[in-house]
Enquirer: 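I'd like to ask some things about the structure below.
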Amino acid sequence: YYHLTRAREFAIANGAKEVDDHKVTFDVMQPVEAGRSATQDHAFFSSGDMSIHFDASNPRHNVHTATDASVIVHEYGHYVERSLNPRYNSTGTSAEQNEARGLGEGFADFFGNSVLNTSEHALVQHSKYNHEGGIRSSKNTKKYQDIEGKEVHLMGAVFSGMSWDM
């Protein structure tokens with residue numbers, strides 16, 4: 001719980017006192033038990049019940065995601081964002097909701113990187129979003145018009161890069 005406590009204290013110290021208004025739960029699951037395949041997310045935040053889930057085993061990654069600080073604080077960043085703005089991607093067109101999810105990924109990357117004081121989201125192993133120092137980096141010069149397909153993690157890199165520069 002060290003990294004969760006660290007992320008919570010960082011959020012509160014930076015004005016996000018709303019994180020104490022909600023209860024967040026944590027779950028370590030087996031992909032098969034959860035009815036999910038190994039090709040799905042290795043960790044995710046569920047806004048419906050304010051819960052964070054980590055895969056106990058996933059053949060795509062060499063690390064248990066519940067032990068990776070960058071994954072833990074990234075997923076907690078989604079919780080912080082939802083605590084601050086409960087309707088962040090629930091309205092608008094499908095494209096607008098997708099852009100909101102992209103902002104959410106960027107915020108979670110930036111939040112996690114700020115907590116850990118690094119520009120790298122460093123989950124070990126390969127990913128289609130692979131970056132030299134980790135799977136994503138907030139130290140980038142990406143622009144929205146350069147993102148093909150408008151995938152949420154790639155859109156998020158634009159927001160996290162801009163935020164990291166500030």
Side-chain angles (χ1 to χ4, degrees), residues 1-31 33-34 36 40-58 60-91 97-125 127 129 131 133-140 152-166:
Y1 294 100
Y2 171 79
H3 296 295
L4 294 170
T5 301
R6 186 175 171 192
R8 179 186 165 275
E9 289 173 351
F10 181 88
I12 291 171
N14 285 282
K17 295 180 180 17
E18 292 85 351
V19 298
D20 280 345
D21 293 344
H22 308 279
K23 177 184 174 189
V24 62
T25 58
F26 305 94
D27 175 41
V28 177
M29 62 189 170
Q30 300 293 331
E33 291 175 4
R36 297 168 53 249
Q40 291 177 292
D41 289 342
H42 53 83
F44 66 94
F45 171 74
S46 173
S47 59
D49 62 356
M50 300 294 270
S51 59
I52 298 173
H53 304 268
F54 303 97
D55 275 355
S57 64
N58 189 322
R60 292 189 322 152
H61 304 289
N62 292 331
V63 66
H64 185 313
T65 57
T67 64
D68 187 313
S70 67
V71 175
I72 294 167
V73 295
H74 168 90
E75 296 306 332
Y76 192 84
H78 288 298
Y79 168 74
V80 171
E81 181 189 27
R82 183 51 71 117
S83 295
L84 295 172
N85 184 6
R87 297 181 59 216
Y88 84 99
N89 71 345
S90 62
T91 61
Q97 289 178 17
N98 196 53
E99 287 181 348
R101 285 189 287 277
L103 284 172
E105 288 300 328
F107 176 82
D109 281 350
F110 175 72
F111 176 83
N113 294 345
S114 296
V115 170
L116 299 174
N117 196 27
T118 178
S119 63
E120 305 298 325
H121 181 67
L123 177 68
V124 185
Q125 195 50 298
S127 148
Y129 320 113
H131 182 271
I135 62 171
R136 291 188 297 278
S137 175
S138 293
K139 193 173 185 177
N140 70 68
V152 295
H153 296 92
L154 298 176
M155 284 192 290
V158 175
F159 179 80
S160 70
M162 175 217 42
S163 300
W164 191 258
D165 284 346
M166 294 194 297

Enquirer: Determine yes or no for a side-chain-to-main-chain donor-acceptor pair under 3.5 angstrom, with D109 supplying the side chain and G156 the backbone.
Expert: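 Answer holds: no.
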Enquirer: Please find the pair of heavy atoms, one from A43 and one from E75, that lie closest to each other, and give the distance.
Expert: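 Heavy atoms of A43 and E75 come nearest at O-OE2, 3.4 Å.
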Enquirer: Determine whether F54 and D68 make a side-chain contact, defined as any pair of heavy atoms from C-beta on separated by less than 4.5 Å.
Expert: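 They are not in contact (no side-chain heavy atoms under 4.5 Å apart), so the answer is no.
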Enquirer: Applying ring-ring contact (aromatic ring centres under 6.0 Å, His included), run through Y76 and Y79 and close with a yes or a no.
Expert: CA-CA 5 Å; Y76 192 84; Y79 168 74; 5.2 Å; yes
Enquirer: Are V73 and R6 close enough that some pair of their side-chain heavy atoms sits under 4.5 Å apart?
Expert: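 A side-chain contact is absent here, since even the closest heavy-atom pair is not under 4.5 Å.
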Enquirer: State, with a plain yes or no, whether a side-chain heavy atom of M50 is found less than 4.5 Å away from one of F45.
Expert: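 Yes, close enough: below the 4.5 Å cut-off.
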Enquirer: Here's a test for you: under side chain to side chain contact (heavy atoms under 4.5 Å, CB included), which of V115, L116, T118, N113 qualifies with S70?
Expert: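 Among the candidates, only L116 passes.
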Enquirer: Please report the interatomic distance CZ(F110) to CE(M162), rounded to the nearest 0.5 Å.
Expert: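 Going from CZ on F110 over to CE on M162, the span is 8.5 Å.
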Enquirer: If I compare all heavy atoms of E81 with all of G104, which pair ends up nearest, and what's the gap?
Expert: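 Where E81 meets G104 most closely, the heavy atoms are OE1-CA, 3.2 Å.
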Enquirer: What's the spacing between N140 CG and D165 CG if we round to 0.5 Å?
Expert: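 One gets 7.5 Å once the value is rounded to the nearest 0.5 Å.
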Enquirer: Looking at side-chain heavy atoms only, is the closest gap between L103 and M155 below 4.5 Å?
Expert: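 Not in contact.
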Enquirer: If you measure from NE2 on H78 to OG on S51, what distance do you get to the nearest 0.5 Å?
Expert: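 Result: 12.5 Å between the selected atoms.
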Enquirer: So do W164 and S114 actually touch side chain to side chain, heavy atoms under 4.5 Å?
Expert: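 Yes. Closest side-chain heavy atoms under 4.5 Å.
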Enquirer: Taking atom CD1 of I72 and atom OH of Y2, what is their separation to the nearest 0.5 Å?
Expert: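 Output value for this atom pair is 11.5 Å.
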Enquirer: Should the heavy atoms of other residues, nucleotides or ligands under 6.0 Å from CG of D49 be counted, would the total exceed 12?
Expert: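 Result for CG/D49: enclosed.
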